[in-house]
There are 2 protein chains.
Amino acid sequence: MSMGRMARGSPKAGRRAETRTKAQIVEAAIAILDAEGEASLTFRALAARLSTGAGAIYWHVANKDDLLAAATDQVVSHAMATIDANAAAAEDAIRAISLAVFDAFDAHPWIGDQLSLAPGRSGMLQVFEAIGSRLEPLGVPQGARFDAWSALVNYIFGVAAQNADNARRVTGEMTREALLETIAGNWSRLDATEYPFLHEIAACLPGLDDREQFLAGINLILGGIFSAL
Amino acid sequence: MSMGRMARGSPKAGRRAETRTKAQIVEAAIAILDAEGEASLTFRALAARLSTGAGAIYWHVANKDDLLAAATDQVVSHAMATIDANAAAAEDAIRAISLAVFDAFDAHPWIGDQLSLAPGRSGMLQVFEAIGSRLEPLGVPQGARFDAWSALVNYIFGVAAQNADNARRVTGEMTREALLETIAGNWSRLDATEYPFLHEIAACLPGLDDREQFLAGINLILGGIFSAL
DNA sequence: ACCTGAACACCGTTCAAGT
DNA sequence: ACCTGAACACCGTTCAAGT
C-alpha cells in the first residue's frame, strides 16, 4: 500500500535512495552554497550532486527562489535551535538571539534578500516569537510592544543581511582588513570641509568588528526601549 | 584636436549622439528598472534602448554588478539632493535623511544588495556624512559617536533594503494589504502556547505602515543615544 | 577612442517520455 | 508518484572587425 518510502532497515544506509525529499535537496543546496558560493548553485550542479536529472528537482521545489528561501529558512532554524530558551534573562536572551542570527548570516553569506515575511517560513517565525516574547518580561507595556519588536526584528534581519552582503565581497586577495584600510584611506583623503565627519572617523575603521557594531546597535535600541518605559 | 565630444549647439538635441557617457547608460538602466523591473534589465534591452550594440555598454561599465551599483548610487545621490542641509534641527534632520533614503528605496524597489561600503560611491558617502555630522550638535560625545553613527546608518540601509525587497514581492494580483492579511491570518492560526506573541500581535499587521515602523525604529535608536548621554 | 553584432558558454525552466 | 534528460528560450560577456 505504497509505504515503500518508510525507512527500511537503517535510514539513508544501504542502496542509494530512489526518492529524494525536499529536505535532502535543500541540504545539498546549502552544501554547494557554503562550499562554492552562490554562483555555483545551478540546477545542473545540484542534480549532479544528487545523481539525478535537473528536472527531478522541480518535483520538490517550485523554482530557484523557492530553493533559496528554503535554504535560508533552514539555516535560520538551525541557528535558533542552538539557543537555550530558558537560560538567560530576557535582555540577555534578546542579545543572544540577535547574535545567533548575525552569526548564521555571517557563516552563510549567500543569504541575501531571500528573507521576506512570506508565510510558511518557520525559522523566521521562531526568531520573531523569541524576540517578541521577551518584551513583556522586560516590562515593555502592551502599547509599546509592537514598535519595540518591529525595530528589533527589522534591525536584526536588515543589518545581518547587509553584513552578509559585505562578507560576500571579501574574496581571495582582498581581505576584510585590507578593504577597511582602503576605505579608511579614501575617507581620510576626502575634503575635510565637505566631509568633516568621515574625515575624522576614518581612523576608527581599521580593525572594526562588525559583530560588535551590530551588538552596539541592538543595545542602543534596547536603551531606547528602556528610556521610554 | 578631438574636442568633438564637447557640446555642439544644444546638448542632446540635433542628431543622435554618436557617443554615450556612463551617466547616460546608468540613466537608461534606471528607466528600465523602474518601468519593467529587475528581470527586464538585460544588456540586450539596454543596448536596444540606447540604439547600440550590447558590447558598447561594456566600454563604459565593467559588468552588470557595476551597472547596478552605479544605478543605486545615482538614486541615493538624487534622494540626498532633495534635502535642505540647514533647514532642520539636528534630530529632525536625521529623521528627514532616514526617510529620504527609505522613500528612495521604496520608489526603486530593484535596489537590493547593491549597497556595500565599497569605495567611490558618492551617494552613500553623502548619507554617511549627513547622519554623522548631526551627532555633535546633538550633544553626543566623541567617544559615543561612532557607535551611534554605525547603528543609525546600518539600520537605515539595512531596513530600507529589506523593505525594498518586500515591496518587490508585491506584484499584480497580490496587493500589500492582501499580503498582510494573509500573514495575519496565518499567525493568528498558530498554536497559541507555542507562539503566544505572534498569536497576539497578528491583529496589528493589517494596515501596517512600513514607513512609520521604520521611523519608530529610528526614534528608538535616537532614544537610546539620548539616554546614554 | 569607441562602436558593432555575432559567437561562446552558460543559465532556469519545461515537458514528453519513461518506471 | 516521481524521475530522466533533451530541448527551449534565454542570459552575461567577449572579441575580431570596423570607423
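None of the values given here were measured: they were computed from a predicted structure. Computed from heavy atoms alone, side chains included, the values below leave out hydrogens, waters and symmetry copies. So that the names make sense, note that chain A is the first sequence line, chain B the second, and so on, each numbered from 1.
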Trainee: Which atoms of nucleotides 14-19 of chain D (N or O only) lie under 3.5 Å from a protein N or O atom, and what are those distances?
Mentor:
none

Trainee: Roughly how many Å is it from CD1 in B/Ile25 to P in C/dC3, rounded to a whole number?
Mentor: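 Roughly 7 Å, once rounded to whole Å.
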Trainee: Are B/Arg211 and B/Asp106 ion-paired here, with the side-chain N under 4.0 Å from a carboxylate O?
Mentor: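 Here B/Arg211 does not pair with B/Asp106 in a salt bridge, since their nearest N and O are not under 4.0 Å apart.
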Trainee: C/dA17 pairs with which nucleotide, Watson-Crick or G-U wobble, both distances below 3.5 Å?
Mentor: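 Across all strands, not a single nucleotide pairs with C/dA17.
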Trainee: Evaluate the side-chain proximity of A/Phe146 to B/Leu208: yes if any heavy-atom separation is below 4.5 Å, no if none is.
Mentor: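 The answer is yes; the side chains approach within 4.5 Å.
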Trainee: Looking at B/Arg176 and B/Asp209, is there a salt bridge between them, counting it only when a charged N and a carboxylate O are closer than 4.0 Å?
Mentor: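 Looking at B/Asp209 and B/Arg176, the cut-off is not met.
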Trainee: Quantified in whole Å, what is the C1' atom distance between nucleotide D/dC2 and nucleotide C/dA17?
Mentor: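 After rounding to an integer number of Å, I get 13 Å for this pair.
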Trainee: Figure out the CZ/P separation between A/Arg20 and D/dA1, and round it to whole Å.
Mentor: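 Result: 18 Å.
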Trainee: Whole angstrom is fine here: how far is it from NZ in B/Lys22 over to P in C/dA1?
Mentor: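 Those two atoms, NZ and P, are 18 Å apart.
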Trainee: Name the orientation class of the two ring planes belonging to A/Trp149 and A/Phe128 (parallel below 30°, tilted from 30 to 60°, perpendicular beyond 60°).
Mentor: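 The rings of A/Trp149 and A/Phe128 stand perpendicular, inter-plane angle above 60°.
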Trainee: Could you give me the CA-CA distance, side-chain angles and deciding distance for A/Asn166 and A/Asp210, then say whether side-chain contact (heavy atoms from CB on, under 4.5 Å) is met?
Mentor: CA-CA 10 Å; A/Asn166 287 337; A/Asp210 286 326; 5.7 Å; no
Trainee: Look through every strand shown and name the nucleotide pairing with D/dG12 as Watson-Crick or G-U wobble, where both distances are under 3.5 Å.
Mentor: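 C/dC8 is the nucleotide pairing with D/dG12.
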Trainee: A/Leu50 has an atom CG; how far is it from atom C1' of D/dC2, in whole Å?
Mentor: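 Interatomic distance, CG of A/Leu50 to C1' of D/dC2: 14 Å.
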Trainee: Can you check the A/Ile57 CD1 to D/dG5 P distance for me, whole Å?
Mentor: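 Distance, rounded to whole Å: 13 Å.
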Trainee: Mind checking who C/dC3 pairs with, Watson-Crick or G-U wobble, both distances under 3.5 Å?
Mentor: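 When the pairing criteria are applied, nothing turns out to pair with C/dC3, so the answer is none.
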Trainee: What is the distance from atom CG of B/Leu41 to atom CG of B/Asp34, rounded to the nearest 0.5 Å?
Mentor: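 Spacing of CG (B/Leu41) from CG (B/Asp34) equals 10.5 Å.
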Trainee: Would you say A/Trp59 reaches D/dC3's phosphate, i.e. side-chain N/O to OP1/OP2 under 4.0 Å?
Mentor: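 Looking at the OP1 and OP2 atoms of D/dC3, neither is under 4.0 Å from any side-chain N or O of A/Trp59.
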Trainee: We want to know whether B/Gln162 and A/Asn154 form a side-chain donor-acceptor pair, criterion being a heavy-atom distance below 3.5 angstrom.
Mentor: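 No, no side-chain donor-acceptor contact under 3.5 Å.
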Trainee: Tell me the interatomic distance from A/Asp65, atom CG, to C/dT13, atom C1', rounded to whole angstroms.
Mentor: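 Rounded to the whole Å, the gap is 13 Å.
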Trainee: Contact list please: residues 40-47 of chain B against DNA chain D, heavy atoms, distance less than 4.0 Å, in numerical order.
Mentor: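 B/Leu41, B/Thr42, B/Phe43, B/Arg44, in order of number.
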Trainee: Would you say the side chain of B/Arg95 lies within less than 4.5 Å of the side chain of B/Leu215, judging by non-hydrogen atoms?
Mentor: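 Yes; the side chains approach each other to less than 4.5 Å.
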Trainee: Tell me: CG of B/Leu67 to C1' of D/dG12, nearest whole Å?
Mentor: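 One finds 12 Å between C1' of D/dG12 and CG of B/Leu67, rounded.
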Trainee: Under the ring pair (Phe, Tyr, Trp, His ring centres under 6.0 Å) definition, can you give me all pairs with a residue in residues 24-57 of chain B, not counting sequence neighbours?
Mentor: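 Checked against ring pair (Phe, Tyr, Trp, His ring centres under 6.0 Å) - neighbours excluded - the pairs reaching residues 24-57 of chain B are B/Phe43-B/Tyr58.
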